[in-house]
Amino acid sequence: MQNITILGATGSIGQSTLDVIALHPDKFNVVALTAHSNIDKLIEQAKTCQPEFLVISDQANYLQTKQKLARAKLSCELLTGHQGLCHVAQLESVDSVMAAIVGAAGLLPTLSAVKAGKKVMLANKESLVMCGDIFIQEVNKSGAQLLPIDSEHNAIFQCLPQSFEYGDLAASGIAKILLTGSGGPFLTRPLDSFDKITPDQACAHPNWDMGRKISVDSATMMNKGLEFIEAKWLFGLACEDIQIVLHPQSIIHSMVQYVDGSVLAQMGNPDMRTPIAHCLSFPERIDSGVKPLDFSALTDFSFELADFNRYPNLRTAIEACKAGQYATTTLNAVNEISVEAFLSGRIRFTDIARLNRRIVEQSEACALNSVDDVIALDQQVRKLALQQLDKACA
Ligand code: NAD
Ligand code: MG
């Protein structure tokens, strides 16, 4: 029996994880669930899987959650705040942790699981973007097992040889990592109408059903930029090793190209339950509930290169990746501010990339030697980005 903590249980990835777990009650036991503010969903989930711990991370929701738990006659221990999240990520009784909190808020709880040497199923790509170097050092120190949930990185992981050594592509005869992306909902929309894009349009992804932050990131292709940086850290790649390929149908989830001309691709319907099931049961395979791919129904199967004019965030992200950790920490922080400002109607869609670029260009190279340094820079950038929000729209 695998004992599991799900960080961010009420989100899109958290819910899909519970869906896969529900298919295999003999294999998985949920020890802890966490949510930030969706009390009702958390309680509903707790009724089904009866975890020992619940965390409602927004402390303002603690009392109300406690009352609702009592009313539902649930005996789970209720924790709150950032300490509560870190606590359930490193419990002795827990074997594996699904890291599915969105954004920088996921960094410390995910690191807590890493430091405790857990099997960490990483959906929270932002923690590698903010803190990749230190994060990987901690993985190596603790012996944690890091498994990628992000569908592209999960695909790459599946296409790499078992003997792959971190960072050593040549030894495995690998020429390139081909990171695929759909291009999002605005692949063919006329560029001169981009400033009219609304939050609901940006969140309506043609292939994937996701949380709102990652949906906007997919529409601007910042998501692919963050994934470029994530791939660098997960597999120890140089920026030159990674090529982004647009594949609008999202059937291939990424590929590995070998020096002999072979290209291995991982395919499947676009449904996060596949990489989730893969990580939950690795190295075995289990049913995920995902419909098998029906080749008779595939009409289009196409590829193209990404256009930086359409996706300026992608250029900024790749340049930040080349510049180093301070630049990607900066990028992540400003992007969280600009996406939130767009979702709440303060700035236009096109302002997101403008503000991101402006703040990354202003950032000065500095060494980040500790997680505290990373968090200090993250906070400083958020403040600066908020100050410049209005200028970005001018
Ligand atoms: P979501 O918005 O649907 O859910 C986010 C979860 O994080 C919720 O449970 C929420 O309660 C929690 N949360 C939000 N703010 C928090 C805070 N300040 N402190 C603690 N918890 C907080 O997001 P999602 O789409 O499930 O994405 C989660 C992560 O997985 C993101 O990092 C995203 O990039 C990554 N990811 C998602 C998908 C996808 O298909 N949804 C695919 C690949 C990677
Ligand atoms: Mg992805």
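Remember, it's 1-based here, ligands and their atoms both numbered in the order they're listed. Every heavy atom of this structure was used, including side-chain atoms; hydrogens, water molecules and symmetry mates were not. Please read all numbers here as calculations on a predicted model, not as lab measurements.
Checking Ile101, Ile214, Thr34 against atom 29 (C) of ligand 1, the nearest heavy atom belongs to Ile101. For atom 12 (C) of ligand 1, the candidate residues are Gly84, Ser16, Gly8, Gly81; the nearest heavy-atom contact is made by Gly8. One option in Val55, Leu7, Ile13 has a heavy atom closer to atom 39 (C) of ligand 1 than any other, and that option is Ile13. The closest heavy-atom contact to atom 14 (C) of ligand 1, among the options Leu122, Asp58, Thr17, Val102, comes from Val102. In this comparison of Leu226, Thr10, Asn124, the heavy atom closest to atom 9 (O) of ligand 1 sits on Thr10.
For the ligand labelled ligand 1, residue Lys213 lies outside the 4.0 Å heavy-atom shell. Within the 4.0 Å heavy-atom shell around ligand 1 one does not find Gly14.
Of the protein's non-hydrogen atoms, His36 CB, 3.7 Å is the one closest to atom 13 (N) of ligand 1. Annotation: atom 20 (C) of ligand 1 to nearest protein heavy atom, Ser57 OG, 3.2 Å. If you check which protein heavy atom lies closest to atom 4 (O) of ligand 1, you get Gly11 CA, 3.1 Å. Nearest protein neighbour of atom 43 (C) of ligand 1, counting heavy atoms only, is Asp150 OD1, 3.0 Å. Of the protein's non-hydrogen atoms, the one nearest atom 3 (O) of ligand 1 is Ser12 N, 2.9 Å.
Inspection of the His205 and Ser215 side chains reveals no N or O donor paired with an N or O acceptor under 3.5 Å.
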task = Applying side-chain contact (heavy atoms from CB on, under 4.5 Å), run through Thr48 and Gln45 and close with a yes or a no.
result = CA-CA 5 Å; Thr48 313; Gln45 292 177 335; 5.8 Å; no

Full working for side-chain contact (heavy atoms from CB on, under 4.5 Å) between Val94 and Phe53 = CA-CA 11 Å; Val94 161; Phe53 296 90; over 6 Å; no

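Of all protein N/O/S atoms, those under 2.8 Å from the Mg ion (ligand 2) are Asp150 OD1, Glu152 OE1, Glu227 OE2, and waters are not counted.
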